[in-house]
Amino acid sequence: MFLPLRICRPIILVIVASWGKHMQNNLEIKWLAIGIILLFLGVTIAPTINFQVAKASTDDDLVEVTTQACGIKGYGNTTVKLTREQYQDLEEYLVEFRVRLNQTSTREEAVPIFKDAVVELDKHGLLPKGMSVERAQRLVTGGYYNARINRTFQRFYDTTDYLIKSNFLCLMTGAGSSMHMRGILPFIMTLLSTQKIGAFFGIMTFGGSGYNPADFIWESFPATGWVDTYGLAGIKKWDGSFSGGCGGKQLTLTYYEFIGARGFTGLGVSTTLDSLDFFIGSALWARLYSE
């Protein structure tokens, strides 16, 4: 254990002052030299050790948060480290975000709330690299909204029982576990869009299924949390446990996930903790089954 600088300094001064009085032979000189070297090592190394300990303590107090964009090319993921206080503020905002959504009754009323959420993410430095607030707002709110085509689709939608149980051309947001943005699928759906997002739209998966070799069976697990949609079917919400109902996505030979939204464009926010996995955007088709 090395002595701190405030203790080493007076010791060194005392030793140097008494040099002429106590130096009787070469052996004493050698031991004095060794002692001074060790003291200087303590002065040099102790601050470094203290810095490393302080840095490790600081890192333990930070939460790593990553944002990725889905359904658009040219923007990289952003990862930032938030203090516990900043992270708590973000969590509290998401609670407030859903409270505000619960007070809406139409898609149009939800749009400004979605835009405000993008501004809040930007305050925490959580927009994808190179993406402006305005670009992100268009991404999460206007992926395919085209009034003329939406009205045509509405007439078809109103006559089909299967579609009535889904939501289409909708704003979509949620938070919880086992919810993932998975790759991009090549849909030629740009005619539905009033902005040049491109012909690539992503998917959202909710829950999945894996093969259990010990029992020779496939086991399924749901997503948990909440999802809200605002689209042609009005407002549809899911809370608790639910799984995707738009097909499946095979990830390995023994594991696949349930697709709950096709044609998704938006932002996904994830952390190293389990309490915050959040997404916000627009979907061509959303369909979930409650457990």
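Source: prediction; values computed, not measured.
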Donor-acceptor pair between Thr205 and Glu257 side chains, under 3.5 angstrom: yes

Shared hydrophobic cluster for Phe258 and Leu284 (ILVMFWY, side-chain gaps under 4.5 Å): no

Test item: side-chain donor near acceptor, Gln137 and Thr141, under 3.5 Å: no

Note, Leu127 side chain near Val118 side chain (heavy atom, < 4.5 Å): yes

Beyond-backbone contact of Ile280 with Phe97, side-chain heavy atoms, under 4.5 angstrom: yes

Minimum heavy-atom distance between Trp285 and Ser166, given as atom pair plus value: NE1-OG, 3.1 Å

In one Ile/Leu/Val/Met/Phe/Trp/Tyr side-chain cluster, 4.5 Å: Tyr93, Val111: yes

Min side-chain heavy-atom separation Val119-Val133 under 4.5 Å: yes

Check: Thr78 side chain, Lys129 main-chain N or O, donor-acceptor pair, under 3.5 Å: yes

Euclidean distance, Leu171 CG relative to Leu169 CG, rounded to 0.5 Å: 10.5 Å

Rounded distance (nearest 0.5 Å) linking atom NZ of Lys236 with atom SG of Cys170: 10.0 Å

Closest contact, heavy atoms only, Pro128 versus Thr67: CD-CG2, 4.1 Å

Shortest non-hydrogen contact from Tyr289 toward Gly245: CE1-CA, 3.3 Å

Interatomic distance, Phe242 atom CZ to Arg287 atom CZ [nearest 0.5 angstrom]: 15.0 Å

For the student: nearest non-hydrogen atoms of Ala69 and Met131, plus distance: CB-CE, 4.2 Å

Heavy-atom check, side chain of Ile259 versus side chain of Met204, under 4.5 Å: no

Ring geometry between Phe279 and Phe264 (parallel below 30°, tilted from 30 to 60°, perpendicular above 60°): perpendicular

Close side-chain approach of His180 and Phe206, heavy atoms under 4.5 Å: no

Atom CD1 of Ile217: over 12 foreign heavy atoms under 6.0 Å: yes

Any side-chain heavy-atom pair of Leu139 and Ile72 under 4.5 Å: yes

Donor + acceptor pair across side chains of Glu219, Asn212 (<3.5 Å): yes

Least distance between heavy atoms, Ile235 atom then Tyr230 atom: CG1-CD2, 3.4 Å

Worked check of side chain to side chain contact (heavy atoms under 4.5 Å, CB included) between Ile203 and Met181: CA-CA 6 Å; Ile203 61 173; Met181 296 191 304; over 6 Å; no

Residues Asp239, Arg98: salt bridge by 4.0 Å N-O rule: yes

Tyr211-Phe216 aromatic ring centre distance below 6.0 Å: no

Interatomic distance, Asp61 atom CG to Thr83 atom OG1 [nearest 0.5 angstrom]: 9.0 Å

Selection residues 115-125 - residue pairs positive for salt bridge (Lys or Arg N to Asp or Glu O under 4.0 Å), sequence neighbours left out: Arg100-Asp116, Glu120-Lys123

Criterion side chain to side chain contact (heavy atoms under 4.5 Å, CB included) on Lys237 and Asn102, from CA distance to verdict: CA-CA 10 Å; Lys237 302 184 178 187; Asn102 286 337; 2.4 Å; yes

Within-4.5 Å side-chain heavy-atom neighbours: Glu92 and Val95: no

Val65 vs Leu126 side-chain heavy atoms within contact, under 4.5 Å: yes

Path from Leu82 to Leu94 over hydrophobic side-chain contacts below 4.5 Å: yes

Between CE on residue Met179 and OG on residue Ser270, distance to nearest 0.5 Å: 13.5 Å

Candidate pair Thr265 and Val140, rule side chain to side chain contact (heavy atoms under 4.5 Å, CB included), full reasoning: CA-CA 6 Å; Thr265 66; Val140 303; over 6 Å; no

Common cluster, Tyr256/Leu288, ILVMFWY with side-chain heavy-atom separation under 4.5 Å: no

Mutual orientation of the aromatic rings belonging to Trp226 and Phe278 [parallel < 30°, tilted 30-60°, perpendicular > 60°]: tilted

Shortest non-hydrogen contact between Glu109 and Ser105, atoms and distance: OE1-N, 2.7 Å

Nearest-0.5 Å distance that lies between atom CG in Asp228 and atom CG in Leu101: 6.0 Å

Donor-acceptor pair, side chain of Arg84 and main chain of Val63, under 3.5 angstrom: no

